[in-house]
J.: 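Here it is, the structure, as structure tokens.
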Protein chains: 2
Amino acid sequence: MPYDPSAFPPFAVTVDLVVLTVRRHALCALAVRRGEAPYQGRWALPGGFVRGDEDLTTAAARELAEETGLNAHDPAGPVLPNAAHLEQLATYGDPKRDPRMRVVSVAHLALAPDLPAPRPGGDAHSVRWAPVEELLDQEAGYGRDGEQVTPLAFDHAQILADGVERARSKIEYSSLATAFCPQEFTVGELRRVYEAVWGVALDPRNFHRKVTGTPGFLVPTGGTTTRQGGRPAQLFRAGGATLLNPPMLRPEA
Amino acid sequence: MPYDPSAFPPFAVTVDLVVLTVRRHALCALAVRRGEAPYQGRWALPGGFVRGDEDLTTAAARELAEETGLNAHDPAGPVLPNAAHLEQLATYGDPKRDPRMRVVSVAHLALAPDLPAPRPGGDAHSVRWAPVEELLDQEAGYGRDGEQVTPLAFDHAQILADGVERARSKIEYSSLATAFCPQEFTVGELRRVYEAVWGVALDPRNFHRKVTGTPGFLVPTGGTTTRQGGRPAQLFRAGGATLLNPPMLRPEA
DNA sequence: ATCATAGTCGTCTTCCTGACGATAAACAGG
DNA sequence: CCTGTTTATCGTCAGGAAGACGACTATGAT
């Protein structure tokens with residue numbers, strides 16, 4: 001097909017973010033309330049237009065910083081205190097996904113440790129961490145004012161579901177679960193991350209054997225903590241290994 | 001950020017295809033020769049603009065059919081003879097990836113059985129199956145006419161590398177390797193697919209035990225064949241199982 | 001007939017996992 | 001101080017899966 005610069009239809013390109021964290025033993029996602037039509041008053045994933053001179057990853061990192069104050073973690077750079085894992089998830093381009101115009105959205109997945117306070121971004125609209133169970137609940141939910149608040153706006157329920165599934169499967173064979181933990185954490189805290197993301201209970205003894213026995217996964221820092229109560233636990237940092245082999249097995253049935 | 005319909009920069013959106021097959025015991029990708037600038041004379045991945053009313057997957061399936069005559073396999077539908085596996089790979093949107101304008105490309109990965117003849121598509125430009133090793137070779141290669149033919153145009157080397165890596169890892173834990181085989185195939189043929197994609201040698205006895213012992217992976221058709229020489233081998237079709245648990249282990253070191 | 005080739009079935013050892021007992025070190029409350 | 005509770009950590013044992021590899025089978029080629 002010969003190239004004709006005038007022959008392509010124009011698209012708007014956005015990035016949408018699935019930002020996950022573990023709060024109070026539940027997997028939670030960041031949601032923002034829409035202030036305008038369409039889907040006014042409904043919850044949606046944070047996101048925005050990609051600028052004309054901006055890479056997709058850059059746009060996602062910018063949106064993440066605007067909404068949460070988190071920095072995208074650069075594997076090459078130093079470990080920042082406010083660093084979150086950020087990766088591209090998938091792209092959604094159904095012609096009718098946005099009633100206003102043709103929008104292609106490049107969804108990204110971010111994994112962050114539990115933040116002290118879910119601070120609203122630069123905009124005044126409301127932002128919150130909501131358990132993914134709640135956001136993905138099939139039935140329509142209504143707020144105090146009678147407005148419909150779930151399901152999520154646009155195709156964001158699908159995007160969120162895809163992001164959650166990506167996170168669930170990826171912690172099986174990578175060390176990504178540490179992205180949900182603070183810089184220093186205990187084996188028990190890491191186990192609770194797995195339990196929250198998978199929604200299962202894991203045997204503490206076998207889990208301990210598995211993670212401490214995988215070379216390069218965890219590096220002891222020397223310190224201990226009793227912040228979980230009980231016997232003091234060793235503190236670890238994430239090791240250099242990013243791939244778990246053999247993988248952590250997700251219990252089933 | 002308030003919504004302003006005039007505030008978004010226009011993008012062109014394309015789909016690019018990483019079409020993989022196994023030919024003569026080597027993993028090969030479909031490449032087309034560019035007839036115009038930029039990168040005139042260089043090889044590139046097949047692809048094209050997404051139409052104004054077209055879904056991304058639809059556009060990818062259309063391009064695949066135009067270039068190869070293959071149909072995208074619909075998991076819900078019947079098994080077509082000319083069906084290939086098709087899935088979204090990733091999206092590439094560096095502002096400078098195309099010197100002409102701002103183009104975001106949604107790359108897709110297609111896996112196809114060895115086709116009888118690599119027939120050129122509707123366009124007259126040349127198309128060929130090339131070993132991925134060759135296409136990804138770092139050093140610049142030159143054709144008979146002295147024109148530079150490698151590396152691939154645009155960021156297609158990166159896209160191809162990502163697609164190959166996706167295929168390599170995905171056959172570990174899914175039954176996707178059967179997408180490289182004809183509808184009926186032997187255990188040995190399936191093993192040669194794994195060997196070509198991974199570039200390793202696998203023990204025929206352990207491989208046989210693994211694939212025939214995984215419920216739902218292979219269903220015997222009753223027939224046998226000697227097309228590979230040696231003792232006649234049982235013919236199988238792909239079973240319904242799509243996830244392999246435990247996975248096929250990729251040897252290392 | 002003999003050989004080469006490919007397929008199929010077994011055996012053995014090793015490693016990993018799941019189940020679970022036991023001990024250790026903190027805290028709370030009587 | 002002693003006891004119960006909580007969490008962490010170490011150890012043991014049985015079962016399953018995988019790697020290494022021997023043995024046998026059924027074709028075609030020489």
Side-chain angles (χ1 to χ4, degrees), chain A residues 24-25 171-173 181 184-196 198 200-237 241 243-253, chain B residues 24-25 171-173 181 184-196 198 200-237 241 243-253:
Chain A
R24 285 179 278 115
H25 216 281
I171 65 173
E172 278 189 78
Y173 57 88
C181 294
E184 296 202 349
F185 54 89
T186 70
V187 173
E189 289 166 344
L190 184 62
R191 176 169 49 81
R192 279 181 277 276
V193 164
Y194 275 91
E195 292 179 331
W198 284 345
V200 297
L202 299 175
D203 185 289
R205 297 157 290 189
N206 293 336
F207 184 87
H208 188 277
R209 176 182 62 192
K210 174 71 178 171
V211 296
T212 57
T214 301
F217 191 11
L218 298 183
V219 187
T221 66
T224 60
T225 183
T226 64
R227 62 185 168 218
Q228 298 291 337
R231 171 175 165 182
Q234 247 188 300
L235 282 169
F236 295 87
R237 272 181 298 111
L243 248 50
L244 252 47
N245 205 333
M248 179 88 59
L249 294 178
R250 165 159 42 161
E252 39 171 342
Chain B
R24 285 178 277 116
H25 216 283
I171 65 174
E172 278 189 78
Y173 58 90
C181 294
E184 296 201 348
F185 54 89
T186 69
V187 172
E189 289 166 343
L190 183 61
R191 175 169 49 81
R192 279 181 279 276
V193 164
Y194 275 91
E195 292 179 330
W198 285 344
V200 298
L202 299 175
D203 185 288
R205 298 157 291 191
N206 292 337
F207 184 87
H208 189 276
R209 178 182 60 190
K210 174 71 179 173
V211 296
T212 58
T214 301
F217 191 12
L218 299 181
V219 280
T221 67
T224 62
T225 183
T226 65
R227 62 185 169 220
Q228 299 289 339
R231 170 174 164 181
Q234 261 190 98
L235 283 169
F236 295 88
R237 272 182 298 112
L243 248 49
L244 253 48
N245 203 334
M248 179 89 57
L249 294 179
R250 167 158 39 163
E252 40 170 342

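Computed over heavy atoms, backbone and side chain alike; hydrogens, waters and symmetry mates excluded. This one's a predicted model, so the numbers in the text were calculated from it and none came from an experiment. Note on naming: letters A, B, ... go to the chains in the order of the sequence lines (proteins, then strands), and numbering restarts at 1 for each one.
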J.: Give, ordered by number, those residues of residues 215-230 of chain B having at least one heavy-atom distance below 4.0 Å to an atom of DNA chain D; if nothing qualifies, reply none.
T.: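 Nucleic-acid contacts, sorted: G230(B).
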J.: When rounded to the nearest 0.5 angstrom, what distance separates CD in Q234(B) from OG1 in T212(B)?
T.: 9.0 Å
J.: My understanding is that only residues two or more places apart in sequence, or in another chain, count here; which of them pass side-chain hydrogen bond (donor to acceptor under 3.5 Å, both in side chains) with N245(A)?
T.: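 Partners of N245(A) by the side-chain hydrogen bond (donor to acceptor under 3.5 Å, both in side chains) criterion come out as none, since no residue qualifies.
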J.: Mind jotting down which residue pairs meet the salt bridge (Lys or Arg N to Asp or Glu O under 4.0 Å) criterion with at least one end in residues 200-221 of chain B? Sequence neighbours excluded, please.
T.: D203(B)-R205(B)
J.: Tell me, please, which residues at least two apart from R231(A) pass side-chain hydrogen bond (donor to acceptor under 3.5 Å, both in side chains).
T.: none
J.: Could I get the full list of ring pair (Phe, Tyr, Trp, His ring centres under 6.0 Å) partners for Y173(A), not counting sequence neighbours?
T.: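 Partners of Y173(A) under the ring pair (Phe, Tyr, Trp, His ring centres under 6.0 Å) test: none.
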J.: Pull out every residue in residues 187-195 of chain A that has a heavy atom closer than 4.0 Å to any atom of DNA chain C, ordered by number, or say none.
T.: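 Contacts with DNA chain C under 4.0 Å: none.
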J.: First and last nucleotide of DNA chain D in contact with chain A, 5' to 3', at under 4.0 Å to a heavy atom: what are they?
T.: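 Range of nucleotides within reach of chain A: dT6(D) to dT12(D).
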J.: Once you round to the nearest 0.5 Å, how far does CG of L190(A) lie from CZ of F207(A)?
T.: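 One gets 4.0 Å once the value is rounded to the nearest 0.5 Å.
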J.: Can you list, in residue-number order, the parts of residues 202-213 of chain B that come under 4.0 Å of DNA chain D, counting heavy atoms only?
T.: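 Within residues 202-213 of chain B, the residues near DNA chain D are D203(B), R205(B), N206(B), R209(B), K210(B).
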J.: How many angstroms lie between CG in L202(B) and CG in L249(B), if you round to the nearest 0.5 Å?
T.: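 Between L202(B) CG and L249(B) CG, I get 10.5 Å after rounding to 0.5 Å.
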J.: What pairs with E195(B) under salt bridge (charged side-chain N to carboxylate O under 4.0 Å, His left out), at least two apart in sequence or on another chain?
T.: R191(B)
J.: So, using salt bridge (charged side-chain N to carboxylate O under 4.0 Å, His left out) as the criterion, who are the partners of R192(B) when residues are at least two apart?
T.: none
J.: When the side chains of residues 215-225 of chain A are checked against the rest of the protein, which donor-acceptor pairs come out under 3.5 Å, sequence neighbours left out?
T.:
| unit_1 | atom_1 | unit_2 | atom_2 | d |
| --- | --- | --- | --- | --- |
| T221(A) | OG1 | G223(A) | N | 3.4 |
| T221(A) | OG1 | L235(A) | O | 3.3 |
| T225(A) | OG1 | R227(A) | N | 3.1 |

J.: Within a strict 4.5 Å, meaning less than it, do heavy atoms of the R250(B) and Y194(B) side chains meet?
T.: no
J.: Output all residues satisfying side-chain hydrogen bond (donor to acceptor under 3.5 Å, both in side chains) with E184(B), sequence neighbours left out; order by chain, then residue number.
T.: none
